[in-house]
Amino acid sequence: MQQNEEKQDLLDRRYMRMAFIWAENSYCKRRKVGALLVKDKMIISDGYNGTPSGFENVCEDENDMTKPYVLHAEANAISKVARSNNSSDGATLYVTSSPCIECAKLIIQAGISRVVFAENYRLSDGIDLLRRANIELVSVEIDK
């Protein structure tokens, strides 16, 4: 591995560990997911899965199913950057789980050029769509 690749790998692993720490903020019981948006080595946004602002912090219904209005970590991070003075164009998204198809569409539209993830989501259609959009995908294994 060249020096630049080693340096990028080291950064990817650090930001991914941070995304896992951020996931701990989620109130969801079934699965906690964290996301960081990074541009020019600066975190420009963050997110974790949960209910919209102002809603109760309960992600699952009485049958332990995820409520339909729960936002994914990627959607929260992208929405948050949209309300800031930052631009996600050309940014890298670090997310603890590979994106679903709905989040993949948001990633493409937000101009994010690279997605780094640690765990595979149960469906791969999001990853397939990101590949089709020529977004760089990096899967990393980290010790949590």
Side-chain angles (χ1 to χ4, degrees), residues 1 4-61 64-144:
M1 220 187 266
N4 285 346
E5 288 177 14
E6 287 178 15
K7 209 173 195 179
Q8 186 61 60
D9 183 60
L10 188 65
L11 280 173
D12 287 347
R13 291 174 189 284
R14 281 184 186 148
Y15 284 125
M16 187 56 66
R17 285 194 303 272
M18 292 169 73
F20 272 103
I21 290 168
W22 203 244
E24 294 173 15
N25 288 321
S26 174
Y27 288 91
C28 297
K29 295 177 191 164
R30 292 179 62 214
R31 185 171 201 177
K32 295 177 184 295
V33 180
L36 295 176
L37 255 176
V38 176
K39 188 172 179 180
D40 302 323
K41 296 183 183 175
M42 284 188 344
I43 297 170
I44 60 169
S45 189
D46 53 56
Y48 50 87
N49 56 326
T51 55
S53 297
F55 281 61
E56 74 289 350
N57 286 322
V58 179
C59 298
E60 293 83 12
D61 64 19
D64 207 33
M65 297 298 295
T66 301
K67 293 178 181 177
Y69 52 88
V70 167
L71 290 156
H72 288 188
E74 306 94 312
N76 265 327
I78 292 167
S79 300
K80 196 171 175 180
V81 80
R83 295 180 70 176
S84 75
N85 292 327
N86 289 313
S87 167
S88 55
D89 201 37
T92 296
L93 176 71
Y94 292 88
V95 61
T96 57
S97 180
S98 61
C100 71
I101 192 137
E102 292 302 318
C103 288
K105 290 188 273 186
L106 292 173
I107 290 164
I108 294 165
Q109 290 302 96
I112 295 166
S113 60
R114 191 167 177 268
V115 176
V116 181
F117 62 94
E119 300 168 349
N120 286 315
Y121 184 58
R122 60 185 172 83
L123 302 173
S124 64
D125 51 359
I127 289 293
D128 297 339
L129 186 63
L130 293 173
R131 274 197 190 102
R132 186 172 165 198
N134 294 316
I135 290 174
E136 182 184 350
L137 297 167
V138 179
S139 175
V140 297
E141 288 183 28
I142 65 154
D143 299 324
K144 293 183 224 169

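Keep in mind the model is a prediction, meaning the values are calculated, not measured.
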Inter-residue atom distance [X].[atom1] - [Y].[atom2], 0.5 Å rounding:
| X | Y | atom1 | atom2 | value |
| --- | --- | --- | --- | --- |
| S97 | R122 | OG | CZ | 10.0 Å |
| N76 | N49 | CG | CG | 8.0 Å |
| R14 | L36 | CZ | CG | 14.5 Å |
| I101 | L130 | CD1 | CG | 9.0 Å |
| R132 | D128 | CZ | CG | 10.5 Å |
| H72 | R31 | NE2 | CZ | 9.0 Å |

Legend entry - Carboxylate-amine/guanidinium contact D9 R13, below 4.0 Å: yes
Would you indicate whether [X], at its atom [atom1], is surrounded by more than 12 heavy atoms from other residues, nucleotides or ligands within a distance under 6.0 Å?
| X | atom1 | result |
| --- | --- | --- |
| Q109 | CD | no |
| K29 | NZ | no |
| D40 | CG | no |
| E56 | CD | yes |

A side-chain contact here means heavy atoms from C-beta on lying under 4.5 Å apart; do [X] and [Y] qualify?
| X | Y | result |
| --- | --- | --- |
| V33 | V95 | yes |
| E136 | S113 | no |
| L71 | S79 | no |
| I127 | Y121 | no |

Legend entry - Residue from E74, R17, M16 passing side chain to side chain contact (heavy atoms under 4.5 Å, CB included) with Y94: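 For Y94, the side chain to side chain contact (heavy atoms under 4.5 Å, CB included) test succeeds with only one of E74, R17, M16, which is M16.
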Shortest non-hydrogen separation from [X] to [Y] and the atoms involved:
| X | Y | result |
| --- | --- | --- |
| A91 | L37 | CB-CD2, 3.8 Å |
| F20 | A118 | CE1-CB, 3.6 Å |
| F117 | S98 | CD1-CB, 3.6 Å |
| D12 | R114 | OD2-NH2, 2.6 Å |
| V81 | S88 | CG1-CB, 4.0 Å |
| P99 | A104 | CB-N, 4.3 Å |

Legend entry - Any donor-acceptor pair under 3.5 Å from K39 side chain to S87 backbone: yes
Legend entry - Heavy-atom donor-acceptor pair, S45 side chain to I78 backbone, under 3.5 Å: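 Absent.
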Inset, instruction - Please step through side-chain contact (heavy atoms from CB on, under 4.5 Å) for the pair V38 and L11, ending with a clear verdict. - result: CA-CA 11 Å; V38 176; L11 280 173; over 6 Å; no
Inset, instruction - Please test D46 against M18 for side-chain contact (heavy atoms from CB on, under 4.5 Å), starting from the C-alpha separation and ending with a verdict. - result: CA-CA 10 Å; D46 53 56; M18 292 169 73; over 6 Å; no
